[in-house]
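A quick write-up on the structure given underneath.
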Amino acid sequence: MNTRILLRGSIRRRLIIQLLTGAALLASLMFLVVQNYARDLAGQSQDEILSASMTAILDSASVRNGDLTVDIPYFAFSMLGNISEDRVFYAITRNGAFLTGYPDLPKPVASSGIAPRFQTARYDGEEIRMATATRRLSVSGTPDFVEVTVAQTRYGLRQQLAGISQTVAGFGIGFFVIAAVFGILAAQSAIQPLRQLAGSVSRRGLSDLRPVSAPVPAEMESLVGALNGFMSRLKTSLSRSEDLIAEAAHRVRTPLTTVRTQAEITLRRVDKPENRQAVREMIRAIDESSRAAGQLLDHAMVSFRSDHLELEDIELTRLAQDAVSRLRPMAELRDIDLEIHVPNTAMTVKGDPILMQSALLNLLDNAIKYSPPDSCVHVVVRLKADEGEITVRDEGAGFPKADMGRLTRRFVRGGNTDAVVGSGLGLTIANEVARAHGGRLFLTNHSDKGGACASLSFPLA
Ligand SMILES: Nc1ncnc2c1ncn2[C@@H]1O[C@H](COP(=O)(O)OP(=O)(O)OP(=O)(O)O)[C@@H](O)[C@H]1O
Ligand SMILES: [Mg+2]
């Protein structure tokens, strides 16, 4: 029985997505943090050089003969030029009035102290970084405030940052790829125990209901516990059903056999023809009930065992010979000869011996029951392609043509049964056994001599 399993999501996919998302977030975070840090560091170093340049200019300011002179030293700008191709600007004011430099340079932010101030502004269509400081000089006894601003464009800084960003992005991608590979491997190994459990359970034989004893990770303890509990309950219930079938067969057949014996004895004692007829009918009814009970229980046993096939190597020739010798006494009672033809080579199939025996006995039972006395029943075992086949052919009138298509259905009997005791389950049993073993039951009538021909075929082991 194949039940469709409803699937929702995949643990492996979910794990991989979560691990990859985590790795991507970490890589982006690393990129942003390092980029920010690099920007701060580069900005800081530009500020330091701007500050040094500005201080050198401010230091060169002096009062000579009561006049303020600013002698800009060469190195004040050369140290800025060293950084890159950046452009440098400056402006010097005295008491707020422009003295020299670039007059339109943005005004620095006002400050009450003399500490250097830094700001970023736009000038001449470009972004610039400005460093400004004020120095107090005394000219002719009055305080004079000299303010120096040195500014520089930020090409170099941007180039430096672009280089760092590229390197960090490379690192980030590398980190992500490595994390992704580890993530996929981790997801695989996380579900590996589940796969192993599924594999070991599905490799088991159908009747193997032992508890799972292989060690499993702690997270799977409850799953394996539930599985073991389920298998143990199933085992108990299966063995109860098997016992029940055997018990029921015993309980039904035994009293019927006793009643039949009593009826036979009574028949010998009764003389009146009408009483003898009544007892005969009673015996027939008992036979019918006994046969029906036996067949019903056999059919229940076949259905039950077909679900849990206990496969063994079965030699078809041996199987046929056993069945023939079991039914020979019954055949002799009707003066029917049982002939068996077997090949020289052994033919082994995988099957449940009890079920296969039951199927064959039913075919033989039919052949003996439905063929005339003094005839012969032929049992032929032969190899047919990759199948082993057992055919039971009799010399009777054959299967009734009108019923041919329905004879394997439960409780269906043909129009040729008359006084023959039966319950209509024999061919049902044979057909179900064949199907449970991947084989088939064929019913035909012998083309020339007419007799019924029933073949059971099973795939070879
Ligand atoms: N060898 C045969 N020759 C002629 N008819 C047969 C033969 N075997 C089976 N049949 C027909 O097929 C029907 C179904 O057979 P099946 O074995 O299923 O039931 P049954 O023999 O009537 O009862 P039981 O369950 O006791 O075997 C029979 O009732 C009979 O009509
Ligand atoms: Mg039968």
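Side chains included, hydrogens not; waters and symmetry mates left out as well; all remaining heavy atoms used. Read the numbers this way: they start at 1 and go in the same order the structure lists the ligands and their atoms.
At the top of the distance list for atom 17 (O) of ligand 1, counting protein heavy atoms only, stands N366 ND2, 2.8 Å. Y370 OH, 3.4 Å is the protein heavy atom nearest to atom 20 (P) of ligand 1. Of all protein heavy atoms, the one lying nearest to atom 25 (O) of ligand 1 is L425 N, 2.7 Å. Summary of contacts: the protein heavy atom closest to atom 18 (O) of ligand 1 is L427 N, 2.8 Å. When only non-hydrogen protein atoms are considered, atom 19 (O) of ligand 1 lies nearest to G424 CA, 3.2 Å. For atom 1 (N) of ligand 1, the closest non-hydrogen atom of the protein is D394 OD2, 2.8 Å. Residue, atom and distance of the protein heavy atom nearest to atom 6 (C) of ligand 1 are F399 CD2, 3.5 Å. Remark: minimum distance from atom 31 (O) of ligand 1 to any protein heavy atom is reached at N416 OD1, 2.6 Å.
Ring-plane geometry between F89 and Y123 is classed as perpendicular, the angle between the planes exceeding 60 degrees on a 0 to 90 degree scale with a lower cut at 30.
Inclusion of P400 in the set of residues having an N or O under 3.5 Å from an N or O of ligand 1 is not warranted. For ligand 1, the polar-atom distance check against G426 finds a nitrogen or oxygen pair separated by under 3.5 Å. An N or O contact shorter than 3.5 Å is missing between T417 and ligand 1 by distance. Residue-to-ligand polar distances keep G415 apart from ligand 1: every N/O pair is separated by 3.5 Å or more. Residue R291 has at least one N or O atom closer than 3.5 Å to an N or O atom of ligand 1. Here's the thing with G422: none of its N/O atoms is less than 3.5 angstrom from an N/O atom of ligand 1. Close N/O approach between V412 and ligand 1 is not found [any backbone or side-chain N/O within under 3.5 Å].
At least one heavy atom of S423 sits less than 4.0 Å from an atom of ligand 1.
Using modelled atom types, one finds a donor on one side chain and an acceptor on the other under 3.5 Å when comparing Q277 with E281. Side-chain atoms of R87 and Q152 form no donor-acceptor pair, as typed in the model, at a separation below 3.5 Å. In the model, E395 has no side-chain atom that pairs as donor or acceptor with a side-chain atom of H446 under 3.5 Å. For the residue pair S165 and Q35, a side-chain donor N or O sits within less than 3.5 Å of a side-chain acceptor on the partner. With hydrogens and angles left out, the side-chain atoms of R440 and S457 include no donor and acceptor closer than 3.5 Å. Neither side chain, Q46 nor D86, offers a donor N or O lying under 3.5 Å from an acceptor on the other.
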*asked:* Under the criterion salt bridge (charged side-chain N to carboxylate O under 4.0 Å, His left out), I'd like the reasoning laid out for R326 against D322: C-alpha separation, chi angles, the key distance, then a yes or no.
replied: CA-CA 6 Å; R326 278 180 66 172; D322 284 354; over 6 Å; no
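Closest heavy-atom approach to atom 4 (C) of ligand 1 among the candidates A292, G398, G396, A397: G398.
Using a distance-only test at 3.5 Å, with no hydrogens or angles considered, a donor-acceptor pair links the side chain of R284 to the main chain of A419. With S232 contributing its side chain and N228 its backbone, the two residues share no donor-acceptor pair below 3.5 Å.
No cation-pi contact links K384 to F458, judged by a cut-off of 6.0 Å to the six-membered ring centre and 45° from its axis.
R334 CZ: more than 12 foreign heavy atoms inside a 6.0 Å radius. Residue Q166 places its CD atom among 12 or fewer non-hydrogen atoms of other residues, nucleotides or ligands, all under 6.0 Å distant.
Counting heavy atoms under 4.0 Å from ligand 1, residue R413 touches it through both backbone and side chain.
For residue Q295, no N/O/S atom approaches the Mg ion (ligand 2) to within less than 2.8 Å.
The G414 neighbourhood of ligand 1 comprises atoms 13 (C), 28 (C), 29 (O), 30 (C), 31 (O), with distances under 4.0 Å to a heavy atom of that residue. Every atom of ligand 1 with a heavy atom of A452 under 4.0 Å away is listed here by number and element: 1 (N), 2 (C), 3 (N). Interface atoms of ligand 1 facing Q295, defined by a heavy-atom separation under 4.0 Å, are 24 (P), 25 (O), 26 (O), 27 (O).
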